Amino acid sequence: MSGLFGKKSKKKMKQQNAAEAEAARTENSVNSPSTPNKMSGPSVPAPMQPNVRPKLVFHTQLAHGSPTARIEGFTNVKELYTEIAKAFNIPADEILFCTLNTHKLDMSRLLGGQIGLEDFIFAHCRGQTKDIEVTKSAPALGLTITDNGAGYAFIKRIKEDSIMDNVKTVCVGDHIEAIQGTNLVGARHYEVAKRLKDLQEGTTFTIRLVEPRKAFADIAPRSSKQGAQEAAPQKVGTGKQTLRMRSKGPATVEDAPTEFEERAARKIDDLLESFMGIRDMELAETMVDICKTKNNPDEFAQALDDRLGEFAFPDEFIFDVWGAISDAKMGRI
């Protein structure tokens, strides 16, 4: 195979990616508004330019193998996918999701709403489509669903010894394209999870999945343990700042989350899985941000309803989230 993960050695790949990541770091440091230009003599304050897109350069590859491309000028996930698609001359809807700093299907490295300024982006593209018939022989199927922020929901975790764990053609990373013939492209993760939950026990249904295209070295049967235990979340990037993308409004360069914010967001992500069958670190981080300025659970509940009303969070969940954030502040988690 002539792609990056074919004939090239792992050592050479790491050296190449390290060099390219260093180039991105240097460019982003130069372009950062907080970095003075030491070659230009006395600094002169630049006029403020509101709503200017961040001029940051990131390096990217297709996860199944490709040359390296440079992308910039995006402010949200959809625009990011569009820029990647342009760089490789492919349709944007070919991209299922992205991982940071690894081409592997590592669910702890999924791209969410934040990218470290030194992160290397790998885009996972559509591969084989498969129609699978499943009988819901228990109340829960054992799937945890997330989405890419651009209309594709996919499987993030498969619970060990669950119904879906015993269907070996269902894999972590598979995009859920349709259930019982209903197209789910454009549906959010919580909508897909609810549709699966609402299926009556004993129902036999058909689910259409699209698996990510794999590099040759990664093609292998799914093991019985795949997705049963998700790796502990890893902090992406090595810098102190990240590019934070939002569904509404421009992207901004911000300081990396504090230890308290990371602990609280991880706990909320666990609660999202327990209550709703989804995982979404971007949503969890948003809830932490909302809570910072609230003085009691009632204010927090009202703010969640104003900002995230489409999720229809139950009162018990909101109370547990408030408690988790309070515990994180006090260092109890």
Side-chain angles (χ1 to χ4, degrees), residues 13-40 43 46 48-63 66-88 95 97-104 106 108-124 148-150 233-262 265-266 280-286 288-289:
M13 177 188 73
K14 289 180 180 178
Q15 291 172 340
Q16 178 184 341
N17 286 351
E20 289 159 346
E22 176 63 19
R25 183 192 67 77
T26 302
E27 290 184 76
N28 290 341
S29 176
V30 170
N31 287 327
S32 173
S34 62
T35 303
N37 186 345
K38 296 182 180 179
M39 301 297 293
S40 61
S43 61
M48 295 298 292
Q49 298 182 15
N51 299 324
V52 175
R53 291 177 179 235
K55 292 187 177 180
L56 303 173
V57 177
F58 294 87
H59 288 79
T60 183
Q61 292 175 351
L62 302 180
S66 75
T68 298
R70 292 154 44 99
I71 56 173
E72 60 183 303
F74 54 88
T75 63
N76 56 52
V77 173
K78 288 184 178 180
E79 290 181 4
L80 166 62
Y81 288 1
T82 298
E83 293 304 313
I84 294 174
K86 288 179 182 177
F88 295 108
I95 301 172
F97 54 85
C98 293
T99 50
L100 298 176
N101 306 316
T102 179
H103 73 284
K104 297 181 179 180
D106 185 343
S108 69
R109 298 293 190 93
L110 283 174
L111 182 149
Q114 297 191 62
I115 308 175
L117 299 190
E118 300 173 31
D119 284 339
F120 199 108
I121 303 169
F122 289 88
H124 297 256
N148 68 353
Q234 301 185 47
K235 193 173 182 178
V236 296
T238 56
K240 295 182 179 180
Q241 291 188 313
T242 64
L243 178 68
R244 182 160 186 180
M245 298 178 290
R246 296 174 173 83
S247 56
K248 297 179 181 178
T252 55
V253 175
E254 300 180 356
D255 290 336
T258 64
E259 186 177 346
F260 144 67
E261 290 169 336
E262 289 185 336
R266 286 198 297 270
D280 189 331
M281 277 298 290
E282 182 183 0
L283 175 60
E285 290 163 357
T286 299
V288 174
D289 286 344

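Just so you know, these numbers come straight off a predicted model, no measurement behind them. These numbers come from the heavy atoms of this one structure, side chains and all, not from hydrogens, waters or symmetry mates.
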All heavy atoms of A123 vs all of I84, minimum pair found to be CB-CG2, 3.9 Å
Write down the atom of A85, the atom of I95, and the distance for their closest heavy-atom approach.
N-CD1, 4.1 Å
Please determine whether side-chain hydrogen bond (donor to acceptor under 3.5 Å, both in side chains) holds for the pair E285 and Q114, giving the CA-CA distance in whole Å, both sets of side-chain angles, and the decisive distance to 0.1 Å.
CA-CA 10 Å; E285 290 163 357; Q114 297 191 62; 3.0 Å; yes
Quick check against the 3.5 Å criterion: does T252 have a side-chain atom that pairs as donor or acceptor with the backbone of E254?
no
For the [atom1] atom of [X] and the [atom2] atom of [Y], what is their distance to the nearest 0.5 Å?
X	Y	atom1	atom2	answer
S66	F88	OG	CZ	3.5 Å
Y81	I71	OH	CD1	10.5 Å
R70	T60	CZ	OG1	12.5 Å
I121	E83	CD1	CD	11.0 Å
E261	D255	CD	CG	9.5 Å
N148	L80	CG	CG	10.0 Å

Which is it for F74 and F58 under the ring-ring contact (aromatic ring centres under 6.0 Å, His included) test, yes or no, and what are the steps along the way?
CA-CA 10 Å; F74 54 88; F58 294 87; 5.7 Å; yes
So, T68 versus Q61: side-chain donor-acceptor pair below 3.5 Å or not?
yes
Are L111 and T99 side-chain neighbours, meaning at least one heavy-atom pair lies under 4.5 Å?
no
